[in-house]
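We name chains A, B, ... by the order of the sequence lines, and we start the count at 1 in each one.
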There are 2 protein chains.
Amino acid sequence: MTRNDCTEQQILTLLNGLCNKIHHKFEHCTGISSSRLEILHELCGGIEVKQSMLQKHINIDNAAITRHLKQLEAEGMVTRRKNPDDNRETFVRLSDEGLEKIEGYKIEKENFIRQILKDFDDKEIPILADFLERMKHNISINKEL
Amino acid sequence: MTRNDCTEQQILTLLNGLCNKIHHKFEHCTGISSSRLEILHELCGGIEVKQSMLQKHINIDNAAITRHLKQLEAEGMVTRRKNPDDNRETFVRLSDEGLEKIEGYKIEKENFIRQILKDFDDKEIPILADFLERMKHNISINKEL
DNA sequence: ACTCAATAATTGAGGGGTCAACTATTGATG
DNA sequence: CATCAATAGTTGACCCCTCAATTATTGAGT
């Protein structure tokens, strides 16, 4: 095992550790789960969005989307109705209450990001974004494996 | 919202996406969950390790460690016994079968890492490790929040 | 000695995500 | 027009993780 292999192993360990904690920390800091907030963010424009579109943009499972939306609906944050032109589809929309609350969440979210990136300077941010983007890409292309 | 804020938001989204997938992908590729493999890795030396030590090194919850070890024990990968000098503690040790299997897992793990980092060059790897290390640190210091 | 606080491990509840199986609805094809 | 495949969403089973409450054991202080 070369020295570089060693660092690579460490990267995986770090990534695992980070991933184990981040969701929980995010929710603890902001008061809402990161996936839920991403859903609300997608709906921010105020227009109706198809559930399948949300699923693709947030990039989580169908089942997860269904459960999040059901919960968000129960909390009065979103409204859902079937597409009259195609009863298979569901339209989702931010409720007035949701629109009101999301502003607060956004602020908390920004605070959270600032916390995580607090010692990163302006040059490092885009590099980090690039690294993450590439890893995300590399991790998702192995559909055949 | 400045342009930089925008990239920061994107980083969080990427991180979330990556974190959502990585555990599952890892297990799918290697045949074992990343946490379990880290546990086995800690035991690789062949000596008995206290369960509480494992918990600290792997950095997951007590409850999670207990469940992983119970399962690994059921699979015959590890052996557990109470510390005769302090019955609160538990010693964990890799079984012969575990020792045998872990080699294969290590290879799969390295393949997985290579897959994720396949377009990273030698200069980028340590930078990425540093970034992750810092984020991990930043995320864990907010115990008061 | 006896009580009381600290430590280790376990269990239960709850939240996140995945996959697989199932229903309903649509649309295309013979 | 009837059938059959594709699409959207739902539900169940299962894995991972956290926190909180509980049990057992130890050690320290009166």
Side-chain angles (χ1 to χ4, degrees), chain A residues 15-39 48-56 58-75 78 80-92 139-140 142-143 145, chain B residues 15-39 48-56 58-75 78 80-92 139-140 143:
Chain A
L15 214 43
N16 275 328
L18 207 53
C19 291
N20 281 345
K21 313 283 184 201
I22 195 166
H23 289 299
H24 191 257
K25 289 281 185 179
F26 183 91
E27 180 154 6
H28 186 260
C29 290
T30 64
I32 190 172
S33 91
S34 44
S35 294
R36 295 250 176 100
L37 188 48
E38 290 207 51
I39 290 173
E48 290 185 311
V49 177
K50 280 189 279 189
Q51 185 164 324
S52 55
M53 278 300 140
L54 285 175
Q55 187 255 309
K56 278 172 197 141
I58 311 294
N59 193 28
I60 56 178
D61 194 66
N62 274 330
I65 282 285
T66 293
R67 284 159 191 147
H68 280 310
L69 288 176
K70 278 194 158 181
Q71 191 57 38
L72 286 170
E73 193 176 29
E75 292 166 8
V78 304
R80 293 197 299 166
R81 71 180 181 105
K82 290 207 164 181
N83 178 356
D85 296 333
D86 185 342
N87 275 293
R88 289 172 302 184
E89 297 180 334
T90 301
F91 285 145
V92 188
I139 214 175
S140 57
N142 64 338
K143 302 215 171 174
L145 282 184
Chain B
L15 214 42
N16 275 327
L18 208 52
C19 291
N20 281 344
K21 312 284 183 199
I22 195 164
H23 289 299
H24 192 258
K25 289 280 184 181
F26 184 90
E27 180 155 5
H28 187 262
C29 291
T30 65
I32 190 172
S33 90
S34 44
S35 294
R36 295 249 177 102
L37 188 48
E38 290 206 51
I39 290 173
E48 289 186 312
V49 177
K50 278 190 280 188
Q51 185 163 326
S52 55
M53 277 302 140
L54 285 176
Q55 187 256 310
K56 278 173 196 139
I58 312 294
N59 194 29
I60 56 178
D61 194 66
N62 274 331
I65 282 286
T66 292
R67 283 159 190 144
H68 280 309
L69 289 177
K70 277 194 160 182
Q71 192 56 39
L72 286 171
E73 194 175 28
E75 292 166 7
V78 304
R80 292 197 298 166
R81 70 180 181 106
K82 290 205 164 182
N83 178 356
D85 296 333
D86 184 342
N87 276 294
R88 291 171 300 182
E89 298 180 333
T90 300
F91 285 144
V92 188
I139 215 175
S140 58
K143 301 215 172 173

What is the nucleic acid contact for A:Ser35, judged by heavy atoms within less than 4.0 Å: base, sugar-phosphate only, or nothing?
sugar-phosphate
When you check the side-chain N and O atoms of A:Arg36 and A:Gln71, is any donor under 3.5 Å from an acceptor?
no
Positional range of nucleotides in DNA chain D within the contact set of chain A, heavy-atom, under 4.0 Å:
D:dA6 to D:dC19
Interatomic distance, A:Lys56 atom NZ to A:Asn62 atom CG [nearest 0.5 angstrom]
9.0 Å
With sugar-phosphate meaning primed atoms plus P, OP1 and OP2, does A:Asn20 contact a base, only sugar-phosphate, or nothing at under 4.0 Å between heavy atoms?
sugar-phosphate
When rounded to the nearest 0.5 angstrom, what distance separates CD in A:Glu27 from OG in A:Ser35?
10.0 Å
Could you tell me if the side chain of A:Gln51 sits less than 4.5 Å from the side chain of A:Thr66, heavy atoms only?
yes
Which residues, if any, of residues 66-75 of chain B bring a heavy atom under 4.0 Å of DNA chain D?
B:Arg67, B:His68
Map A:Asn62 and B:Ser33 onto DNA chain D by nearest heavy atom, then report which one ends up closer to the 5' terminus.
A:Asn62
Quick one, which residues of residues 82-91 of chain B touch DNA chain C with a heavy atom under 4.0 Å?
B:Arg88, B:Glu89, B:Thr90
Give the C-alpha distance, both sets of side-chain angles, the deciding distance and a yes or no for side-chain contact (heavy atoms from CB on, under 4.5 Å) between A:Asn20 and B:His23.
CA-CA 9 Å; A:Asn20 281 345; B:His23 289 299; 2.8 Å; yes
Heavy atoms under 4.0 Å, any strand shown: does A:His24 hit a base, just sugar-phosphate, or nothing?
sugar-phosphate
What residues form a side chain to side chain contact (heavy atoms under 4.5 Å, CB included) with A:Arg81, not counting sequence neighbours?
A:Glu48, A:Pro84, A:Phe91
Test item: A:Thr90 and A:Leu69 side chains (from C-beta on) under 4.5 Å apart, heavy atoms
no
Closest non-hydrogen contact found for B:Asp85 with B:Asn83 is N-OD1, 2.8 Å
By the 4.0 Å heavy-atom rule, please label B:Lys21 as base, sugar-phosphate, or nothing.
sugar-phosphate
Over all atoms of both residues, closest heavy-atom pair of A:Ile39 and A:Ile58:
N-CD1, 3.7 Å
Would you kindly compare A:Ala64 and B:Ala64 by the position of their nearest DNA chain D nucleotide and give the one closer to the 5′ end?
A:Ala64
Close side-chain approach of B:Ile60 and B:His68, heavy atoms under 4.5 Å
yes
Rounding to 0.5 Å, atoms CG (B:Leu72) and OG (B:Ser33) come to a distance of 8.0 Å
Any chance you could measure A:Lys25, atom NZ, to A:Thr30, atom OG1, to the nearest 0.5 Å?
13.0 Å
Which is the 5'-most and which the 3'-most nucleotide of DNA chain C that has an atom under 4.0 Å from a heavy atom of chain B?
C:dA6 to C:dC19
Distance (rounded to the nearest 0.5 Å) between B:Asn16 CG and A:Phe26 CZ
6.5 Å
At what distance, to the nearest 0.5 angstrom, does NZ of B:Lys21 lie from OG of A:Ser140?
8.5 Å
To the nearest 10 degrees, how far apart in direction are the end axes of the helix from C:dA1-D:dT30 to C:dG30-D:dC1, each fit to five base pairs?
10°
